[in-house]
Amino acid sequence: MNKLRLGFFKYSCCMGCSYFFAYVQKHVPEVLASFDFVFIKLLSRKGIPEGPFDIALVEGTITEAWQVDELKMIREHSKKLFAIGSCAVIGGIPAIKATSPELEVEKRVYKNLSSIHSIKPHAVDAYVKVDGYIRGCPPVERDLYEALTSVLTGRKPDFPQYSVCIECKLKGNICVLIADDMPCMGPVTNAGCGALCPSMNRACYSCFGPMKQANAPGLAKKFKAMGISRDDIIRKFTEFGADTIEFRKAVEMVYED
Amino acid sequence: MKIDINYIARVEGESSVKLEIEEGKLKELRLNIWEPPRFFEGFLVGRKFDEVPDIVARICGICPVSHMTTAIRAMENAFGLTPSPEVKRIRKILALSQILSSHLAHLYILALPDFFRLNSVVEMLPHFEKDIKRFLRLKEAANSITALFGGRALHPVSMVVGGFTKVPSKADTEKAAWELESLHGDALETLKMASELKCPALENHAEFVALKGKGEYAINGGMISSTKGLNIKEHEYASYFIEDEVPYSNAKRTILKDRGSLMAGALSRINLGFDNLLPDAKKASEDLGFTGGGNPFLNNLAQAVEIVHALQECAILLRGLSLKSVKNYFADFKVREGAGSALTEAPRGMLYHYYEIDGRGVITKANIVTPTAHNFLNLEESLKKLVTENIDKPEEELILMCEMLVRAYDPCFSCSVH
Ligand code: SF4
Ligand code: SF4
Ligand code: SF4
């Protein structure tokens with residue numbers, strides 16, 4: 001069988017997804033043996049960024065114009081393109097920047113802005129069509145293998161579509177939202193992590209981002225009823241979800257209220 | 001002749017080295033760190049103190065524990081909170097586990113292929129199966145320690161201002177300690193391997209800077225010390241170190257006031273703290289004739305010595321934990337207006353965080369200086385020296401040497417720009 005050509009691209013992020021990808025390869029050598037690593041900068045000199053690729057994985061938030069151009073080029077030369085990690089999937093932590101006037105944020109960091117060319121931070125699908133989302137910050141192995149094997153076997157990938165609460169219940173955790181009054185984001189957050197935070201006695205902060213049909217305004221109302229301040233609620237929905245429609249609805253609701 | 005090394009692979013983040021040679025002389029050399037800025041210090045303003053550890057973790061995918069710990073310590077300093085000895089111990093275990101992971105990844109995946117003229121660890125696989133297996137054993141053990149306390153190895157979730165939300169059971173930590181102890185031989189093998197790598201000669205008169213402890217290999221706090229006599233307290237950092245913007249780089253550059261460039265990282269820690277290494281690591285290192293040095297390429301070897309030390313110290317600390325109940329691992333505190341700073345030794349060297357916080361716990365100012373920002377000027381100076389001394393080498397060779405030197409510093413450009 002011909003090996004599938006794989007490319008891994010990094011934009012504005014912590015590069016944790018690259019590390020995660022480079023490291024988890026040991027677990028399923030059979031799967032990985034089916035890929036040819038045409039481009040992954042963290043691992044190899046002399047890769048071929050132009051592809052062509054059977055599968056391209058993209059990590060990081062899009063924050064500069066050249067990234068948009070390159071991303072479009074990758075899309076054109078790739079059969080399948082997956083966003084990997086919350087930065088690429090939903091804009092992630094770097095998207096917090098856009099919750100304030102961006103020039104103000106930039107001025108706090110640099111006196112001389114003449115060589116800074118940042119654009120508004122966005123997820124990858126703001127610019128190109130994406131064939132699947134490997135969620136999480138960092139992602140989990142199950143979703144990565146699902147993406148890779150779906151391309152190998154030519155079927156649609158099947159990612160979890162339910163909330164962290166479902167995983168939390170399955171684990172038999174005591175609900176920290178109900179029992180401890182902690183502002184848990186589990187009800188509106190996409191599953192995948194195995195309800196890690198509630199299992200460690202703390203509230204979910206939504207590092208996997210919103211699930212599709214999240215009722216974010218509903219949860220925001222609940223937080224309000226718990227006596228949490230407006231600003232604190234807004235911060236909850238903008239830590240990882242600043243660039244998402246789902247969580248923006250909650251923020252708008254809180255502002256209007 | 002102009003050389004533009006724009007594809008520097010196997011480091012964290014994006015950079016290029018541009019140099020110009022004229023009539024056999026180096027005319028100009030620049031390290032251009034073009035990693036895009038994400039403006040952490042800008043958007044941290046307006047966020048709540050308790051979100052900060054989770055947010056700054058995302059500065060770096062290799063040293064999230066360092067960013068979290070430094071931020072947490074800075075805020076605890078601002079709130080006047082002193083963590084219990086047991087919390088300190090756990091923080092050190094986490095830091096050591098991360099130093100292990102980072103050094104292992106750097107040595108085996110990032111640095112090693114160059115020494116065999118290979119492009120990647122994938123190309124190494126068929127010839128170095130034993131070494132790669134050893135790497136995986138060690139890396140797995142290190143990651144599982146971080147995950148045991150943090151919930152996951154990358155971007156752990158149990159670390160909060162005040163302590164930990166959960167601690168593992170005594171049985172689990174005993175098992176983890178036992179696993180680490182069983183890998184002592186692998187760590188020594190790694191050291192042996194690193195000692196056999198042939199590095200180019202390169203002098204370097206940098207001022208080596210690291211945190212120094214009394215009778216312990218310092219990681220989370222200590223005196224800021226240097227090989228040229230600096231010896232100051234953590235909170236005095238800002239009066240001695242100057243951070244400046246560089247027109248051709250998105251990363252800022254930090255120097256010592258009136259003194260110039262400095263070098264941070266494993267080699268600095270060895271140069272300053274060799275005597276504080278555990279006896280086994282010290283002896284293994286001495287047997288190889290290595291007790292420190294100036295050549296930046298020795299940073300690889302210094303990391304290997306730290307692997308031997310960190311593995312053992314981690315196990316000792318694990319064995320010493322009492323792990324009574326979660327309540328003992330979280331201290332209550334009052335949020336108050338103020339400012340706080342802290343330093344830790346991240347895998348790649350000294351990391352500084354500073355925050356100003358208002359009465360509601362909201363950040364009004366943030367400043368973060370990373371190891372790579374501390375090393376920036378010295379790395380550039382070392383590159384100049386290396387090129388000058390090897391100017392007659394063929395271009396391909398010169399390019400590889402420059403890349404090897406950049407990698408030897410184990411820079412993190414994502415961190416440096418943040
Ligand atoms: S998604 Fe998270 S782990 Fe991945 S690159 Fe972004 S910040 Fe890092
Ligand atoms: S603790 Fe959080 S994730 Fe778990 S059930 Fe309650 S709300 Fe859902
Ligand atoms: S519980 Fe929430 S914040 Fe915690 S790991 Fe899961 S998705 Fe991320």
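Proteins get letters first, then strands, A, B, ... in listed order; numbering begins at 1 in each.
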Could you tell me which portion of [X] (side chain, backbone, both or neither) has an atom closer than 4.5 angstrom to a non-hydrogen atom of chain B?
| X | value |
| --- | --- |
| A:Ser118 | side chain |
| A:Cys87 | neither |
| A:Thr63 | side chain |
| A:Tyr19 | side chain |
| A:Glu104 | neither |
| A:Ser199 | backbone |

[X] side, atom [atom1]; [Y] side, atom [atom2] - distance, nearest 0.5 Å:
| X | Y | atom1 | atom2 | answer |
| --- | --- | --- | --- | --- |
| A:Arg45 | B:Asp114 | CZ | CG | 6.5 Å |
| A:Glu239 | B:Ile55 | CD | CD1 | 4.5 Å |
| A:Met182 | B:Thr165 | CE | OG1 | 8.0 Å |
| A:Cys207 | B:Asp54 | SG | CG | 8.5 Å |
| B:Arg152 | A:Cys197 | CZ | SG | 6.5 Å |
| A:Met200 | B:Ser158 | CE | OG | 4.0 Å |

Inset, instruction - Kindly determine whether B:Phe40 and A:Lys97 satisfy side-chain contact (heavy atoms from CB on, under 4.5 Å), including the steps that lead there. - result: CA-CA 8 Å; B:Phe40 272 85; A:Lys97 184 190 172 214; over 6 Å; no
Backbone N/O of [Y] and side chain of [X]: donor-acceptor pair under 3.5 Å:
| X | Y | answer |
| --- | --- | --- |
| A:Tyr110 | B:Asn250 | yes |
| A:Lys10 | B:Gly13 | no |
| B:Asn119 | A:Lys46 | no |
| B:Glu12 | A:Met15 | no |

Legend entry - Results of ring pair (Phe, Tyr, Trp, His ring centres under 6.0 Å) for B:Tyr355 - residues two or more places apart only: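 Scan of B:Tyr355 (ring pair (Phe, Tyr, Trp, His ring centres under 6.0 Å), adjacent residues dropped) gives B:His353.
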Legend entry - Part of B:Asn367 within contact of chain A (heavy atom distance under 4.5 Å): neither
Inset, instruction - Pick one of side chain, backbone, both or neither for B:Leu104, based on which atoms fall under 4.5 Å of a heavy atom in chain A. - result: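 Contact with chain A: none, neither part.
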Inset, instruction - Sort out for me which residue in B:Glu51, B:Arg58, B:Arg47 forms a side chain to side chain contact (heavy atoms under 4.5 Å, CB included) with A:Ile96. - result: B:Arg47
Inset, instruction - Evaluate the criterion side-chain contact (heavy atoms from CB on, under 4.5 Å) for residue pair A:Leu43 and B:Glu123; output intermediate values, then yes/no. - result: CA-CA 10 Å; A:Leu43 283 185; B:Glu123 291 175 13; over 6 Å; no
Legend entry - B:Ser16: side-chain contact (heavy atoms from CB on, under 4.5 Å) partners, not counting sequence neighbours: B:Asp4, B:Asn6, B:Lys18, B:Asn32, B:Trp34
Inset, instruction - Report the option among B:Pro113, B:Gly46, B:Cys412 that has the most heavy-atom pairs separated by less than 4.5 Å from atoms of chain A. - result: B:Gly46
Legend entry - B:Val362 side chain reached by A:Arg235 side chain, heavy atoms, under 4.5 Å: yes
